[in-house]
Amino acid sequence: MKHIDEYRDGTAARAYAEAIARITTRPWTIMEVCGGQTHSIVKFGIDELLPPAVTLVHGPGCPVCVTALEYVEKAIEIASLPGVLFCSFGDMLRVPGISRDLLSVKASGGDVRIVYSPLDALRLAADHPDREVVFFAVGFETTAPAVAMAAWQAVRQGARNFSMLVSHVRVPPAMEAVLSSPDNRVQGFLAAGHVCAVMGTAEYGPIASRYHIPIVVTGFEPVDILQGLYMCLRQLEQGRAEVENQYSRSVRPEGNPAARKLMGEIFRVVPRKWRGIGEIAQSGLGLREKYAGLDAETRFGVAHRTTEEPPECRSGLVLQGILKPRECPEFGTRCTPEHPLGATMVSSEGACAAYYHYRRRRS
Amino acid sequence: MCLAVPGKIESIDSTDPVFRSGKVNFGGILKEVNLAYVPEANIGDYVLVHVGFAISTIDEAQAKETLSYLEEIDRLAGVENG
Ligand code: SF4
């Protein structure tokens, strides 16, 4: 397919690996922020093409992985109520709650449906006026505009039986959380291309200068990632710390103004808990007061539920680049995709699942 | 989950700008996509689609530049070495 195949060219990938080896004189650790990039890196073996001096660590950019346990529990509680039709992206169904997941709610008779788009959930609300239709709104800034549109249309259409369990997250505060950790070893970032397609690049300048760290907005195909790494390493070697854009075919500096406008109308910045990591200030998007009528947490009385996370899963360390999945003692033994202890073992973008699928046999 | 796939706009229905939508071709598979966030996109343009929404148009000139970047660094390496 055009705009995909040309970025999977093996000759170009090897040429980039050589160019990277040519300019690298010292050890460097770079984090790719987005789970989609993690998946590409492990699947295509990009890390194995790099000189030993370059270490890649995998970042917190997997919405399935970082959705707080208490939101998974809220989802399970709401989905179990009679009369509720609960809609979710497919990836969330197998994320473990305390004792079960959404899939088991479905298996025991709950009406849990996988939707592709938030607008599909709104359509289900119109088709089932006698049911309460709830959409589990998770995701980064990439997904928030689609949810904003569903919220806006719901109000416009007066859809009284539609609500949303909102647990959106924002990327830049999570990058700062990684950098502020005393155990941080990240020296350069590949920023998440599709988040930036919506939000633009302006948020990253202050991070680059405050922490003196290069940030390269990067795409998802192997050649994109290798080019992003090359640009990041060149900055590191030259002592620069700037925001650069590898993914300029899809990312403009201002992002997508129409999407940002509607996001701003529907959402406000709120503190948000991240699974395994804890609360990060300003790292979430929640519904504005004007749209509070759509809030499933108040509608179903689950707003104040809090949940402690079980200690055996170390996904918080994995998501901050401190621990590699295979260094977790549960990896591949007590924790597998069939019986995940943590969300990073569920989603194909979670680092633990990516290593399990592509690297287990060789270890 | 931030997966977004490039596809080519085949047709546009813009009777209501808010519900501006169209058919987008992903390697032979046609899908209905919301185009409200890409008011500048025309038939024949490539857009990046995420959960049923086009979030960005793909800039062909920038795509070419990205693909020729490798030649550029090889040329630079040649200059530095020679
Ligand atoms: S291997 Fe399993 S238990 Fe260990 S960090 Fe990953 S998800 Fe958590």
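Each chain gets a letter, A, B and so on, in the order the sequences are listed, and its residues count up from 1.
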* Asked: Taking A/Asn256 for the side chain and B/Tyr37 for the main chain, is one N or O donor matched with an acceptor at less than 3.5 Å?
  -> yes
Check residues 223-233 of chain A and write down every donor-acceptor pair under 3.5 Å in which the side-chain atom is one partner and the other belongs to a residue at least two apart or another chain.
from: A/Asp224; atom 1: OD1; to: A/Gln246; atom 2: NE2; distance (Å): 2.8
from: A/Asp224; atom 1: OD1; to: A/Arg249; atom 2: NH1; distance (Å): 3.0
from: A/Asp224; atom 1: OD1; to: A/Arg249; atom 2: NH2; distance (Å): 3.4
from: A/Asp224; atom 1: OD2; to: A/Glu221; atom 2: N; distance (Å): 3.4
from: A/Asp224; atom 1: OD2; to: A/Arg249; atom 2: NH2; distance (Å): 2.9
from: A/Gln227; atom 1: OE1; to: A/Tyr16; atom 2: OH; distance (Å): 3.3

* Is it the backbone or the side chain of A/Lys261 that comes under 4.5 Å from a heavy atom of chain B, or both, or neither? -> neither
* With a 4.5 angstrom heavy-atom cut-off, which part of A/Ala19 approaches chain B: side chain, backbone, both or neither? -> side chain
* Relative to chain B, which segment of A/Val115 carries a heavy atom at a distance below 4.5 Å: side chain, backbone, both, or neither? -> neither
* Option that, when pairs with chain A are counted at under 4.5 Å, heavy atom only, ranks first among B/Asp59, B/Val51, B/Val47, B/Leu48 -> B/Val51
* Which bit of A/Glu349 comes within less than 4.5 Å of chain B, counting heavy atoms only: side chain, backbone, both or neither? -> side chain
* To do: Select, from A/Tyr7, A/Tyr247, A/Phe140, the one with the greatest count of heavy-atom pairs under 4.5 Å involving chain B.
  => A/Tyr7
* Asked: Can you say whether B/Leu67 sits under 4.5 Å from chain A via the side chain, the backbone, both, or neither, judging by heavy atoms?
  -> side chain
* **Heavy-atom contact with chain B under 4.5 Å, split by part of A/Arg234** => side chain
* How would you list, in number order, the residues of residues 141-148 of chain A that have a heavy atom less than 4.5 Å from chain B? -> A/Thr142, A/Thr143, A/Pro145, A/Ala146, A/Ala148
* Please check if the side chain of B/Ser56 supplies one atom and the backbone of A/Ala197 the other of a donor-acceptor pair under 3.5 Å. => no
* For A/His3, does its backbone N or O pair with a side-chain atom of B/Tyr46 as donor and acceptor, under 3.5 Å? -> no
